[in-house]
Amino acid sequence: MKLSRFNIVSLTLCFAFLYLPILVLVIYSFNASKLVTVWAGFSTRWYAKLFHDEAFLQAAFVTLKVALVSASIATVLGTMAAWVLVRFSRFAGRTLFSGMIFAPLVIPDVILGLSLLLLFIAMNIDRGVTTIIIAHATFSMCYVAVVVSSRLVTFDRALEEAALDLGATPFQAFSLVTLPVIAPAVVSGWLLSFTLSLDDLVIASFVSGPAATTLPMRVFSQIRLGVSPEINALSTILITLVTIGVITTSILSKRSALVRAGEAEG
Amino acid sequence: MDTAKAPPPTSDASAALPPWQDPAAEPLIRLENVTKRFGDFTAIADLSLDIHEGEFFALLGPSGCGKTTLMRMIAGFEAPSAGRILLGGEDLVPVPPNRRPVNMMFQSYALFPHLTVADNIAFGLKRAGLPRGEIAERVAEMLRLVQLENFAHRRPHEISGGQRQRVALARALARRPRILLLDEPLAALDRKLRAATQFELVDIQERLGTTFIIVTHDQEEAMTMASRIAVMDHGRLVQVGTPEEIYEQPNSRYVADFIGEVNLVEGVVTAAENGRLVIDWAEDAAPIVTRSDVAAPVGTRVTFAIRPEKITVGAEAPEGAANAWQGRIEDIGYLGNLSTYHIVGPAGRRFKVQSPNRRRVARREFSWEDRVWFAFDETAGLVLTE
Ligand SMILES: Nc1ncnc2c1ncn2[C@@H]1O[C@H](COP(=O)(O)OP(=O)(O)OP(=O)(O)O)[C@@H](O)[C@H]1O
Ligand SMILES: [Mg+2]
């Protein structure tokens, strides 16, 4: 179907609304002037300044650590949850469990953050990097479960049976056959968790302690003192990271869809 | 239908009896009153069966009669709801599938999509802990067997359906199991490759002494390859026997009808003496006279079964034939080596007759609407009381 003029206009507007602010932000991160609204020529000085900023480096380190560790925990737990929900389709309360695992996807971050905070206080756990990791693992686990279970549903059980038949132990059948076949979904789940953790401001603010500041938290606190070009530079870096994560995820899921099409044909 | 068949192989030349007739023989696999239920549905109903070492056992039956379910219970993927499965006298049910000396070729092939053809075949050998050199050798041998040497490094989605089927077969064969379960192993192969693979299977079986249990929809395949055939219906065994027994002495209308083509004529016994039955089947027509061991007193309703190739057609009444009637040719099917005639006989009853084409088509003896005689002798047919 050919695009009509109206469609072209609405599409342009839609993308403009979405990406113009980001574009402006990225452009101004290369601004030589300290004034955010005045363009004074191209420069990377804010990036340089950023990389000499002790507090920034500290926050970047915390953020990466939290994202890496929480994504890994979430991937393991989420994959296991998906496995049980898909495979053992007839245990008591399965519907309840599968509903419950998806609930955090729709619960507002504020409520999730607050409830986790209350839990940590009740259990007398010191707040810091660990609590952020736990919190992030908790909510991204649900995303992993969704991604992996949708792959497992279409996974042909006969493959596992064939592996068992050929002498593999149940664990070997899982690690040598099931896991490699669903690997793209598991990796997408990990990348998604990683990205979500990088992004998160609200939950991290609730559960972090004095020594643990993530990049989004730092951006937010600095913004209150006024927008500085440094923040633009930092945001640009974050956007780049997140974009890479999202693109890789979608490439992976497209590729595995292709493989699956071939598999279904066979 | 190929009825001429070599006698069933016996592993031991001194044993005169085939193992299934020898009461002293220990079966390799014994199913004792096995029942399998899925919820309310009974897929296998109280089935008992012995399969002996070195047999080539074929399961035949319509779709959904429980053939795959039976295989899956032997492989260990389903536990029977009741009854026992014994392997060499020992209970097989608690043994997990990976510990059973049984390999299965899946109806859906179940090839590992992330592994190459060669790695698929090597999978079971690696699990068995064979040395690398031997694995490579065995894989090469299997690839040669299924004629896939040039496809060793392709993935399953990069080969054709028939090629996938051959990979599945090679993968199941590679471990040289004691029992090989083949669920419609040759369905996707063309005629020539199928014949070659059938030959290879029989050869493998004779060389390695593997016991084969094979599901097939192809009767000819079952007849030519199997030492015994089991005909199933709705989760039950209807008849178990050698191909000759199944073909020549079906125990029921169901089996007679299922295996090959057959004319079934219903009638009433009007005389029975000295192992000879006279069956009235149509008014104003000479009765059927047949020899039979079946105890059918006068007045019993019976079904007379006769195969199309056991009936002869002729322009004149044959001399000395116990059974002969006149009819009209309604249809002729030309099959190359054979022709099938549909003849309308007495009382409008249709008979299917098959006779070899000894002459070229242009000089064929009969054509449509010809009036002909069709006949068979006293021992050609079979009386079924059921
Ligand atoms: N897991 C299951 N749950 C419920 N019913 C099942 C299950 N597996 C098989 N059945 C039913 O059991 C019956 C026998 O199935 P089975 O697969 O053994 O048939 P089959 O003889 O192999 O047929 P086909 O020739 O079509 O392969 C079918 O009616 C099927 O619907
Ligand atoms: Mg089947």
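Order of the sequence lines sets the chain letters (A, B, ...), proteins ahead of strands, with each chain counted from 1. Treat the numbers as computed from the prediction; the structure is a model and nothing was measured.
- For Q172(A), the part lying near chain B is the side chain, with the backbone staying farther off; criterion is any non-hydrogen pair under 4.5 Å.
- Relative orientation of the H114(B) and F112(B) rings is tilted, given thresholds of 30° and 60° on the angle between their planes.
- Annotation for F38(B): atom CZ counts as buried by contact number, over 12 foreign heavy atoms lying within 6.0 Å.
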T210(B) and Q205(B): side chain to side chain donor-acceptor pair (under 3.5 Å), yes or no, with the steps? CA-CA 5 Å; T210(B) 312; Q205(B) 189 229 16; over 6 Å; no
Pair T211(B), E55(B) - check side chain to side chain donor-acceptor pair (under 3.5 Å), show working. CA-CA 5 Å; T211(B) 305; E55(B) 266 204 80; over 6 Å; no
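- Donor-acceptor pairing under 3.5 Å is recorded for the side chains of T178(A) and E160(A).
- Contact count versus chain A (heavy atoms, under 4.5 Å) is highest, among R171(B), E158(B), M105(B), R99(B), for R171(B).
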For residues 130-152 of chain B, tabulate all N or O donor-acceptor pairs below 3.5 Å that involve a side-chain atom, not counting sequence neighbours.
residue	atom	partner	partner atom	Å
R138(B)	NH1	A174(B)	O	2.5
E141(B)	OE1	R176(B)	NH2	3.3

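- Interface remark: F106(B) contributes side-chain atoms only to the contact with chain A (heavy atom separation under 4.5 Å).
- Proximity to chain B is absent for every atom of A173(A), based on heavy atoms less than 4.5 angstrom apart.
- Proximity to chain A at a heavy-atom threshold of 4.5 Å picks out P97(B), N98(B) from residues 86-98 of chain B, in numerical order.
- With salt bridges taken as basic N to acidic carboxylate O contacts below 4.0 Å, one links R178(B) and E53(B).
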Evaluate the salt bridge (charged side-chain N to carboxylate O under 4.0 Å, His left out) criterion for residues R72(B) and E161(A): first the C-alpha distance (whole Å), next the side-chain angles of each, then the deciding distance (0.1 Å), finally the verdict. CA-CA 10 Å; R72(B) 288 173 60 80; E161(A) 290 179 342; 2.8 Å; yes
